[in-house]
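Have a look at the structure below before the remarks.
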2 protein chains.
Amino acid sequence: MGSIPGRRPPVMADVAREAGVSHQTVSRVLNEHPNVRGETRAKVLEAIDKLGYRRNLVARALVTRHSRTLGVVSFDTTLYGPASTVYGIEQAARAAGYFISIVSLKSIDRAGVRDALDYLADQGVDGIVVVAPQRSAAQALTDLHLGVPTVAVEGGEADEVSVVCVDQAEGGRLATEHLLSLGHETVWHVRGPSDWLEAEGRVAGWRAALERAGREAPEPLAGDWSPRSGYEAGRSLASMTDVTAVFVANDQMALGVLRAFTERGVQVPDRVSVVGFDDVPESEFFSPPLTTIRQDFDAVGRHSIEVLLRQIEGGEPHARERLVVPPSLVGRASTARI
Amino acid sequence: MGSIPGRRPPVMADVAREAGVSHQTVSRVLNEHPNVRGETRAKVLEAIDKLGYRRNLVARALVTRHSRTLGVVSFDTTLYGPASTVYGIEQAARAAGYFISIVSLKSIDRAGVRDALDYLADQGVDGIVVVAPQRSAAQALTDLHLGVPTVAVEGGEADEVSVVCVDQAEGGRLATEHLLSLGHETVWHVRGPSDWLEAEGRVAGWRAALERAGREAPEPLAGDWSPRSGYEAGRSLASMTDVTAVFVANDQMALGVLRAFTERGVQVPDRVSVVGFDDVPESEFFSPPLTTIRQDFDAVGRHSIEVLLRQIEGGEPHARERLVVPPSLVGRASTARI
DNA sequence: GACAAGACTGTGAGCGTTAACAATAGGTCA
DNA sequence: TGACCTATTGTTAACGCTCACAGTCTTGTC
């Protein structure tokens with residue numbers, strides 16, 4: 001398989017010499033050009049194999065102006081949601097023959113997003129997926145952007161770019177209606193941080209469901225997605241006697257709520273029902289197992305690549321699509337009839 | 001800021017013309033070459049700004065033979081450990097001015113690893129980090145590899161490449177000794193899948209600690225890292241009357257164990273003490289809060305980049321380092337004196 | 001005031017590939 | 001048979017940058 005260490009790797013010209021053809025013919029074989037005689041092709045392939053030749057994608061990218069690399073900008077890939085989405089993106093991209101270059105942001109202010117996009121644009125990516133669940137990120141996308149096809153995951157109403165998202169409001173509605181259908185008078189809500197579009201969508205769905213049922217919406221409790229913030233919200237809720245149902249904006253916070261309830265002797269679901277959001281793998285084993293709203297992160301990742309590739313390869317780099325993935329309710333033991 | 005859509009982006013020659021200098025002088029300014037007159041530099045920078053010029057990194061990579069991109073091969077970036085490690089890698093790499101290209105593997109057989117490495121090598125990465133916690137992956141690394149500096153995270157004894165890892169055996173020892181110090185006669189173990197080096201390291205540490213204390217090591221229960229497998233192990237353990245202490249090989253399985261114990265009315269920590277591994281953010285809010293072994297994934301990620309860059313930039317591409325990060329015990333409410 | 005040693009700038013080649021065009025061979029059709 | 005097509009191959013020129021080398025312009029020194 002060639003490639004003696006220390007010697008410079010073979011290039012197309014070496015293969016051409018070995019096979020007794022021109023470098024262009026080698027290029028044709030590599031690019032599966034139809035007009036190459038079978039015999040010639042065989043000679044070239046043999047030479048490639050003999051020398052252990054691998055084509056230089058950097059040189060190729062220089063002349064074709066396509067790197068076959070997609071950029072992904074994401075916020076905190078340590079969280080289950082973004083991690084799963086990025087995973088789906090990566091799988092779909094690789095299946096389509098694209099590389100993935102990742103930038104994980106710590107803070108998601110406009111400057112950070114701008115830097116990340118510039119950074120990726122410099123590298124010559126053919127397209128960018130921004131997992132931009134925050135309003136600020138989505139806004140940053142709206143003004144800046146330069147000429148690379150872009151799709152935003154959870155990008156809100158942004159009409160400058162294509163968007164793929166889960167219908168968060170629908171999720172909030174499903175959770176709330178589930179609780180109401182169990183006979184609860186009203187449903188409390190532990191919400192996510194206010195800059196997050198997902199948090200707002202869930203609040204909106206929750207509020208809409210309550211309104212439609214003619215119920216009063218209590219003041220939502222603030223959280224920041226962390227179990228700790230859920231725990232603190234849970235302590236507040238535990239001290240209120242009229243709380244019988246809580247919709248928590250993600251499973252991690254729901255875990256904190258459950259913990260606080262356990263400490264205070266508040267039985268779930270006997271005295272209070274709890275619904276989470278995300279369906280992380282752990283939630284089935286919470287105590288009690290958590291009723292939650294399932295988001296198909298994998299589908300979101302796959303779809304975002306599909307949309308992006310349509311823009312890149314379909315020759316409509318500025319096309320704008322909007323693709324909404326529906327969430328679903330997963331019923332478990334943390335909710336019960338009042 | 002220049003860059004009229006539709007027109008081809010400006011290149012170095014355009015900047016040179018605008019500034020009235022040669023393209024080489026522009027290159028010098030960009031590369032911070034010392035011998036450029038301040039006035040000239042200013043003219044060039046002004047022209048760059050005016051035209052909105054951005055240097056083409058692909059062309060640069062072609063001639064320098066350095067892409068300033070590092071490849072990362074990882075297995076299931078949905079899990080907290082790999083996700084956190086990759087996050088640390090990404091942050092450290094970007095801080096050092098490198099891009100990160102990611103390949104997430106579904107299955108980690110030799111062919112998969114080989115493909116991933118080839119794929120990245122084709123792309124022209126300057127170095128590769130393989131997050132290879134499985135024995136098979138580590139072995140795959142050992143034979144194949146071609147000429148790109150490589151570092152393995154959790155790569156076992158592989159002596160073909162540099163390795164950065166957490167001292168898993170030490171973690172197992174810490175967990176076990178903690179339980180023994182609380183007066184438990186022996187410690188049961190729910191282990192991870194047998195192909196995983198981390199699982200084996202933890203088993204080894206557990207066994208060693210028991211041996212040193214002169215205790216019998218019970219047969220470990222098999223798990224696959226998932227909460228469900230922990231749950232099943234937990235059901236078995238709940239039915240044994242002589243179990244008072246369990247060391248579970250990760251926090252997710254520990255959650256499953258706790259769930260099973262709760263269902264069977266086994267009090268933790270009153271009747272059985274439980275220790276996990278990883279210190280995921282949720283574990284503090286399990287019921288009860290989980291005593292666990294903390295791994296500094298972030299440090300592992302950072303160190304792996306440091307080691308890799310030393311190989312790449314230090315001119316010793318085949319140097320082999322071994323860097324071990326110590327774990328630590330985080331005491332919480334799931335363990336108590338017998 | 002001439003000369004060497006720097007400081008600064010420009011010229012040309014080449015990185016490894018693909019695109020555009022040219023050239024050759026073999027055959028078809030009137 | 002000769003013009004004319006088509007299949008196949010080769011030649012040359014980019015792509016946008018950096019490297020090596022060759023200039024030119026300042027200084028400082030005696």
Side-chain angles (χ1 to χ4, degrees), chain A residues 2-3 7-45 47-48 51-69 99 121-126 147, chain B residues 2-3 7-45 47-48 51-69 97 121-126 147:
Chain A
S3 132
R7 190 131 56 218
R8 96 165 166 27
V11 298
M12 209 173 252
D14 299 325
V15 176
R17 197 174 317 112
E18 177 74 27
V21 298
S22 75
H23 63 130
Q24 178 62 350
T25 297
V26 178
S27 174
R28 287 197 184 94
V29 170
L30 251 28
N31 293 313
E32 293 174 0
H33 188 96
N35 291 345
V36 177
R37 199 149 45 104
E39 197 183 329
T40 311
R41 180 191 314 277
K43 267 194 308 189
V44 169
L45 290 175
I48 287 176
L51 299 179
Y53 167 77
R54 320 223 63 182
R55 106 167 110 193
N56 182 325
L57 292 184
V58 173
R60 179 194 170 91
L62 178 61
V63 51
T64 61
R65 297 157 172 289
H66 295 297
S67 60
R68 290 200 80 83
T69 296
F99 297 93
D122 275 4
Q123 201 198 5
V125 296
D126 293 342
Chain B
S3 129
R7 191 134 53 219
R8 93 163 168 30
V11 299
M12 209 173 251
D14 299 325
V15 176
R17 199 174 317 113
E18 177 74 27
V21 298
S22 75
H23 63 126
Q24 177 61 4
T25 297
V26 178
S27 173
R28 287 198 184 94
V29 170
L30 252 28
N31 293 314
E32 293 172 0
H33 189 96
N35 291 346
V36 177
R37 197 149 47 102
E39 198 183 327
T40 311
R41 182 191 312 279
K43 268 194 307 187
V44 170
L45 290 175
I48 286 176
L51 300 180
Y53 169 76
R54 319 223 63 185
R55 109 167 107 190
N56 183 324
L57 292 184
V58 173
R60 179 192 169 93
L62 178 60
V63 48
T64 61
R65 295 155 174 290
H66 295 298
S67 59
R68 291 200 79 82
T69 297
D122 275 4
Q123 201 197 5
V125 296
D126 294 342

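So that the names make sense, note that chain A is the first sequence line, chain B the second, and so on, each numbered from 1. The structure presented is a predicted model; accordingly, all values stated were derived computationally and were not measured.
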Interface residues of residues 12-21 of chain A with DNA chain C (non-hydrogen, below 4.0 angstrom):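 Those residues whose heavy atoms fall under 4.0 Å from DNA chain C, taken from residues 12-21 of chain A in numerical order, are A/Met12.
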query: Given C/dT17, D/dG16, C/dT18, which nucleotide is nearest the side-chain atoms of A/Asn31?
result: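 Comparing C/dT17, D/dG16, C/dT18 against the side chain of A/Asn31, the answer is C/dT18.
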field: Candidates C/dG10, D/dT9, C/dT17 - which lies nearest the side chain of B/Ser22
entry: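 Closest of the options to the side chain of B/Ser22: C/dG10.
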Can you tell me if [X] touches the phosphate of [N], counting only side-chain N or O atoms and a distance under 4.0 Å to OP1 or OP2?
X: A/Thr40; N: D/dT9; answer: yes
X: B/Thr64; N: D/dC17; answer: no
X: B/Thr25; N: C/dG10; answer: yes

message: Strictly distance-based, threshold 3.5 Å: is any side-chain N or O of B/Arg68 a donor or acceptor partner for the main-chain N or O of B/Gly97?
response: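 Yes, the answer is positive, given that a donor and an acceptor are paired below the 3.5 Å cut-off.
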Between [atom1] of [X] and [atom2] of [Y], what distance do you get to the nearest 0.5 Å?
X: A/Thr69; Y: A/Leu57; atom1: OG1; atom2: CG; value: 8.5 Å
X: A/Asp126; Y: A/Thr64; atom1: CG; atom2: OG1; value: 8.0 Å
X: B/Glu32; Y: B/Arg41; atom1: CD; atom2: CZ; value: 7.5 Å

task: Between A/Arg37 and B/Val26, just flag the one whose closest nucleotide in DNA chain D comes earlier from the 5' side.
output: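 It is A/Arg37, whose closest nucleotide lies nearer the 5' terminus.
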message: Using a heavy-atom cut-off of 4.0 Å across all strands, would you classify A/Val58 as base, sugar-phosphate, or nothing?
response: nothing
- request: Using distance alone, with no hydrogens and no angle criterion, decide if B/Asn31 and B/Arg55 have a side-chain donor and acceptor under 3.5 Å apart.
  value: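 There is such a pair between these side chains.
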Let me know the distance between [atom1] of [X] and [atom2] of [N], rounded to the nearest Å.
X: A/Gln24; N: C/dT17; atom1: CD; atom2: C1'; result: 9 Å
X: B/Arg65; N: D/dC17; atom1: CZ; atom2: P; result: 18 Å
X: B/Arg28; N: C/dA7; atom1: CZ; atom2: P; result: 13 Å
X: B/Asn35; N: C/dG6; atom1: CG; atom2: C1'; result: 9 Å
X: B/Arg55; N: D/dC17; atom1: CZ; atom2: C1'; result: 9 Å
X: A/Arg60; N: D/dC17; atom1: CZ; atom2: P; result: 21 Å
X: B/Leu62; N: D/dA14; atom1: CG; atom2: C1'; result: 13 Å
X: B/Leu57; N: D/dT18; atom1: CG; atom2: P; result: 9 Å

- prompt: What residue among B/Leu30, B/Val26, B/Thr25 forms side chain to side chain contact (heavy atoms under 4.5 Å, CB included) with B/Val15?
  reply: B/Val26
query: Mapping B/Arg41 and A/Ser27 to their closest nucleotides on DNA chain C, which lands nearer the 5' end?
result: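 It is B/Arg41 whose nearest nucleotide is closer to the 5' end.
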- request: Using a 4.5 Å cut-off on heavy atoms from C-beta on, say whether the side chain of B/Met12 contacts that of B/Ser27.
  value: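 The answer is yes, as the side chains (C-beta and beyond) meet within the 4.5 Å cut-off.
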